[in-house]
Number of protein chains: 2
Amino acid sequence: MAKLDFGPIADTTRRAEIVALLRRAILTGQLEPGQKLNELRIAEQMRVSRAPLREAMRELVQEGILTSIPYAGTFVIDVTAKDIDDAYSLNKVLDEFAIERTWKLRDQRFFDELDSRHEAVKQATRALDTTRQIETALQLHGLIYEWADNSVLLETWQRLISRLQMYFALHQRARNEPVPAEDVHETYVRLLKGADMRAAQRHAREHIDLDFEELLAYARGLEQRTSKG
Amino acid sequence: MAKLDFGPIADTTRRAEIVALLRRAILTGQLEPGQKLNELRIAEQMRVSRAPLREAMRELVQEGILTSIPYAGTFVIDVTAKDIDDAYSLNKVLDEFAIERTWKLRDQRFFDELDSRHEAVKQATRALDTTRQIETALQLHGLIYEWADNSVLLETWQRLISRLQMYFALHQRARNEPVPAEDVHETYVRLLKGADMRAAQRHAREHIDLDFEELLAYARGLEQRTSKG
DNA sequence: GACAAGCAGATTGTCGACAATCCTACAAGA
DNA sequence: TCTTGTAGGATTGTCGACAATCTGCTTGTC
């Protein structure tokens, strides 16, 4: 008989669902940076009272993707080039640490999961689903954090990807180009399976730098435009 | 005429004050790990309705010092040896990064602030005020994060010190010993003023390791006791 | 026309009450 | 004895309404 492993049951509070809905709207760019969230309107749309909505918004404020000014409102965070720069430079450091911690803990299950997530990225890429592509790519990247066996590190990473996902989504929406067909994660996955930890760490740095430059350029353009307007 | 630099005005929402009150109670150990927070009772004590209290609790949950289970309650997080280990190992990495980023930005104001915070620690030590000593020591340590000019890094650090402060406070309360009179931060401050960045980074690691070992031993003892009971 | 005072209108912050859920104790049945 | 079902009380989750605050406009004065 197969070993059943019941996971925790789904959160059944309205608050949790609101958090999920709002987060998704923000991370996919449906709610744009700087935009104000009108409590009454959103509550009506969701057929929910303002109490759980406000609690949900508090969570997202602490998560770093909303910002709140007393008696003025709650807004989607603005994306500045410096924010992206900050997030990425920290991400590099964390990546190195995560790889180091994960390295000795790699096993067959790790490699299987790595392949599985890699496959998910490729599938989203083939389907030209940019939103899903970003999601899956970040999940692929997040495996080393989940495997590092350090809950604080994992939390930190999860806070970071919220923003990164938002940045990427904005970038993609702005470009509105078909996704590159090549498999940019091939090397990353291969190195994580290999024996040279330093090489994997180095690649993580450089691989990130690649997308990073594009993002930064986009963000700088954004700022110039908005400062003109 | 001196340049006036008006800081932001105080938050005037009840929510913000509740957050401050609760956070302080948790970080000083007045609310013990694992303890349940009864909304009705706390609301009555603070002469406040449950709405702002619940929002405040949501923030602290996201901050990582409370944990919430739907329909069951909100609890102060438990302190396990692994949590401390995780937090500290990440802290080492972040310290190194913060020092690196700060190094080139050091100026006279930095050195002055460093001395000022160092003095605050010494003063709290002389006054035998352990709670304040922990606070000031963490603030001294946090200067490199404030100076690193990386908002994401700073946020991450602030999330970390919430827990560290809680751990330290518990430790101190448990020992209930007079605080060591020697100045353990002397070398740290001197190296941050010096010219050898690597040395400063190395010391940050080792300096932390020192207190860390004590904390870990304490936490392990705690866990054994609770598993027995 | 410029500027300050003051008045709606809209929006956020807070409150008290109700609904949904959980935990405990206890009884009934196998 | 162990399990299962079932009230009862306590606590959390949610709602609708009221209070506090901000914003933009209007009005009046110079």
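Here is how names work: the chains are called A, B, and so on, in the same order as the sequence lines, proteins then strands, and each is numbered from 1. Everything quoted here is computed from the prediction, not taken from an experiment. These numbers come from the heavy atoms of this one structure, side chains and all, not from hydrogens, waters or symmetry mates.
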Rounded to the nearest Å, what distance is computed from the CG atom of residue A:L40 to the P atom of nucleotide C:dG13?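 In whole Å, C:dG13 P lies 13 Å from A:L40 CG.
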I'd like to know if the side chain of [X] and the backbone of [Y] have a donor-acceptor N/O pair within less than 3.5 Å.
X      : Y      : result
A:K82  : B:S151 : no
B:Y145 : B:E155 : no
A:T131 : A:T28  : no

Does the side chain to side chain donor-acceptor pair (under 3.5 Å) test come out yes or no for B:T130 and B:Q172, once each step is laid out? CA-CA 7 Å; B:T130 56; B:Q172 291 277 25; 5.5 Å; no
If the cut-off is 4.0 Å, is [X] near the phosphate of [N], judged by side-chain N/O to OP1 or OP2?
X     : N      : result
B:R50 : D:dG13 : no
A:S49 : D:dC15 : yes
B:R47 : C:dT14 : no
A:R54 : D:dC15 : no

Where the side chain of [X] is defined as all heavy atoms beyond and including C-beta, which of [options] is the nearest nucleotide?
X     : options                : answer
A:E39 : C:dT12, D:dC15, D:dT12 : C:dT12
A:Y71 : C:dT14, C:dG13, D:dG13 : C:dG13
B:K36 : D:dT14, D:dT11, C:dG13 : D:dT11
B:N38 : D:dT12, D:dG13, C:dG13 : D:dT12

By nearest heavy atom, map A:G73 and A:A51 onto DNA chain C; which one lands nearer the 5' end? A:G73
Give B:L37 one of three labels, base, sugar-phosphate or nothing, depending on what nucleic acid heavy atoms sit under 4.0 Å from its own. sugar-phosphate
